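Presented below is the structure to which this report refers.
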Amino acid sequence: MPKIAPHFSKKLIAWYLQNKRELPWRNTLDPYRIWLSEIMLQQTRVLQGLPYYLKFVEAYPKVEDLANAPEDDVLKLWQGLGYYSRARNLHATAKIVSEEMSGVFPDNYKGLLKLKGVGDYTASAIASISFNQPEAVVDGNVYRVLSRFFGISTPINITAGQKEFKTLAQQLIDRAQPGTFNQAIMEFGARFCVPQNPDCGNCIFNENCWAFQQKRVAELPVKIKAKPVKKRFFNYMVVLSENEQTILQQRTGKGIWQKLYEFPLIETSEEMNLSALKNLQQFEDFSKGLNIEDISLFNEKSVIHKLSHQHLNTRFWIVEISEEKESSIPISEVKNYAVPVLIADFVSEFFENY
DNA sequence: AACTCGGGGTA
DNA sequence: TACCCAGAGTT
């Protein structure tokens with residue numbers, strides 16, 4: 001164990017008690033609410049997740065309420081938060097806890113780790129915060145704080161780095177107050193030891209911080225570069241009948257946005273104009289059975305919807321038809337479906353100009 | 001071990 | 001533009 005450990009932990013917790021934000025999940029030890037907050041905050045900023053947490057707690061105060069909700073409702077409430085597998089796993093886990101565990105969450109790391117959507121970080125967070133177990137969390141904040149303070153240049157996104165930082169955090173944790181220690185180191189990373197231009201001159205740790213002393217703060221933590229994003233080309237076919245009915249489809253299978261809804265999609269390898277689009281077999285399949293009167297491009301400039309690993313170059317085509325299909329819905333009801341932000345943005349713009 | 005999964009904030 | 005965010009699951 002590093003000699004500094006007791007001192008580091010004590011100082012860190014003192015800072016936390018003076019500087020922590022008041023957040024709703026800090027007023028409870030209820031494992032359901034801790035679990036809910038931790039799932040929502042995975043790869044998500046506190047300020048982005050906060051309104052979703054409040055919505056979920058209000059709609060589903062107990063794990064049974066979440067378990068009894070339709071999956072579509074859960075996805076709709078999750079809309080806009082991203083990484084939708086979290087919502088699907090959240091719902092599945094609520095059902096298991098509610099129906100197979102009598103509504104009681106596992107009270108230790110090993111048991112929590114078996115739940116869908118709960119990995120090393122989340123299991124440690126719940127075990128420490130709700131059950132006072134000495135399980136150290138390692139999130140992006142922890143990587144940053146520890147890599148700088150101890151001068152560790154092992155990349156954080158390879159297995160060796162993850163193991164090294166987990167071991168170190170586990171050695172540093174205050175075993176008398178593990179939940180407070182975990183939240184303290186994360187809060188310190190989020191609020192003080194920030195990625196860019198941290199205020200090291202006023203940092204409580206600067207005398208003992210390796211990176212500050214060596215003037216290497218900007219170089220840590222080390223992360224292997226991600227590969228460049230892919231470009232994709234989406235053509236959404238916005239069917240519109242005379243009485244404003246449209247067609248939505250639910251995304252199935254693998255890939256982005258599983259189980260969310262969208263307009264019929266024709267994906268191409270490049271940006272398409274109308275005549276090229278009409279020549280595709282996919283267009284043939286789409287238009288079968290539709291009485292198409294006219295097709296027009298809604299957005300002259302393609303929308304570039306940016307995900308972390310792909311850019312979606314998107315065109316919305318207004319497809320006017322004379323006879324609506326059985327499966328159609330009023331376009332005004334699209335807002336009741338869980339849709340990607342890309343679709344939600346189109347719909348609101350569509351109604352502004354309508 | 002590498003890849004995939006969102007959307008938004010920040011410099 | 002590039003990087004990051006209270007990471008996990010799949011290939």
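If you're wondering where the values come from, they're calculated on a predicted model, not measured in any experiment. Letters A, B, ... mirror the listed sequences (proteins, then strands); counts begin at 1.
- At a threshold of 4.0 angstrom between heavy atoms, the contacts of A:Ser85 with the nucleic acid are absent.
- Residue order along DNA chain C, read from the 5' end via each residue's closest nucleotide, puts A:Pro195 first among A:Pro195 and A:Ala123.
- C:dC3 and B:dG6 are spaced 15 Å apart, taking the C1' atom of each and rounding to whole Å.
- Mapping A:Gly80 and A:Lys227 onto DNA chain B by nearest heavy atom places A:Lys227 at the nucleotide closer to the 5' end.
- Checked by atom type, the side-chain pair A:Asn157/A:Tyr143 shows no donor-acceptor distance below 3.5 Å.
- Regarding contacts with the backbone of C:dA2, every side-chain N or O of A:Lys306 stays at 4.0 angstrom or more from both OP1 and OP2.
- The nearest pair of heavy atoms linking A:Phe234 to A:Trp257 is CE2-CZ3, 4.0 Å.
- Following rounding to the nearest Å, A:Ile224 (CD1) and B:dA2 (P) show an atom-to-atom distance of 8 Å.
- There is no side-chain donor-acceptor pair under 3.5 Å between A:Lys335 and A:Ser348.
- For the OP1/OP2 pair of C:dC4 and a distance below 4.0 Å, the side-chain nitrogens and oxygens of A:Arg144 include no atom meeting the criterion.
- Base engagement by A:Arg26 is indicated by at least one non-hydrogen atom pair under 4.0 Å involving a base atom.
- Distance noted for atom P between B:dG8 and C:dA8: 22 Å (whole Å).
- Summarising the geometry, the separation between NZ on A:Lys223 and P on C:dA2 is reported as 15 Å, rounded to the nearest angstrom.
- Scanning residues 246-259 of chain A for heavy-atom distances under 4.0 Å to DNA chain B yields A:Gly255, A:Ile256, A:Trp257.
- Within the structure, a side-chain polar atom (N or O) of A:Gln310 is placed less than 4.0 Å from OP1 or OP2 of B:dC5.
- Nearer the 5' end of DNA chain B, as judged by each residue's closest nucleotide, is the contact made by A:Val341, out of A:Val341 and A:Gln196.
- At distances below 3.5 Å, not a single donor-acceptor pair connects side-chain atoms of A:Lys116 with backbone N or O atoms of A:Leu90.
- The distance from atom OH of A:Tyr143 to atom C1' of C:dG7 is 9 Å, rounded to the nearest whole Å.
- Side-chain N/O atoms of A:Arg26 and A:Gln183 include a donor and acceptor closer than 3.5 Å.
- Near DNA chain C, defined here as any heavy-atom distance below 4.0 Å, the residues from residues 36-46 of chain A are A:Glu38, A:Leu41, A:Gln42, A:Gln43, A:Thr44, A:Arg45, A:Val46, listed numerically.
- Side-chain contact annotation: A:Asp285 with A:Gln282, donor-acceptor N/O pair under 3.5 Å absent.
- Contact annotation: A:His305 side-chain N/O to B:dG6 OP1/OP2 distance is not under 4.0 Å.
- Rounded to a whole Å, the NZ atom of A:Lys230 is 16 Å from the C1' atom of B:dG6.
- Nucleotides B:dC5 and C:dC5 have their C1' atoms positioned 14 Å apart, rounded to a whole Å.
- Within the 4.5 Å cutoff, the side chain of A:Gln43 has heavy atoms near those of the A:Tyr83 side chain.
- Residue-level contact check: A:Trp78 touches neither bases nor backbone, having no heavy atom under 4.0 Å from any strand.
- Here the C1' atom of nucleotide C:dA6 and the CD1 atom of A:Ile34 are 11 Å apart, to the nearest Å.
- When all heavy atoms are compared, the tightest approach of A:Leu54 to A:Pro24 is CD2-CG, 4.0 Å.
- With C:dG7, B:dC5, B:dG8 as the candidates, the nucleotide lying closest to the side chain of A:His309 is B:dC5.
- DNA chain C lies under 4.0 Å from no heavy atom of any residue of residues 147-162 of chain A.
- Side-chain polar atoms of A:Gln245 and A:Ser328 form a donor-acceptor pair below 3.5 angstrom.
- Considering only heavy atoms from C-beta on, A:Gln258 stays 4.5 Å or farther from A:Ser85 through its side chain.
- Where A:Asn89 and A:Arg21 meet DNA chain C, the nucleotide closest to each residue was compared, and A:Arg21 sits on the side nearer the 5' end.
- Remark: of the listed residues A:Glu270, A:Glu300, A:Glu267, A:Glu271, A:Glu271 is the sole one forming a salt bridge (Lys or Arg N to Asp or Glu O under 4.0 Å) with A:Arg315.
- Between the side chain of A:Tyr121 and the base of C:dG7, no donor-acceptor pair of N or O atoms lies under 3.5 Å.
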Would A:Glu38 and A:Tyr121 satisfy side chain to side chain donor-acceptor pair (under 3.5 Å), going step by step from the backbone distance to the final call?
CA-CA 9 Å; A:Glu38 294 299 345; A:Tyr121 164 80; 2.6 Å; yes
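- Counting all heavy atoms, side chain and backbone alike, A:Phe316 lies closest to A:Leu342 at CZ-O, 3.9 Å.
- Side chains of A:Arg33 and A:Thr28: no donor on one and acceptor on the other come within 3.5 Å.
- Straight-line distance from the CG atom of A:Leu113 to the C1' atom of C:dA8: 10 Å, rounded to whole Å.
- A:Val118 comes within 4.0 angstrom of the backbone, heavy atoms only, and of no base.
- Backbone-only engagement by A:Asn197 is indicated by non-hydrogen atom pairs under 4.0 Å involving sugar-phosphate atoms exclusively.
- We find that CZ of A:Arg232 is positioned 11 Å from C1' of B:dT4, with the value rounded to whole Å.
- For A:Leu312 and B:dG8, the CG to P distance is 13 Å, given to the nearest whole Å.
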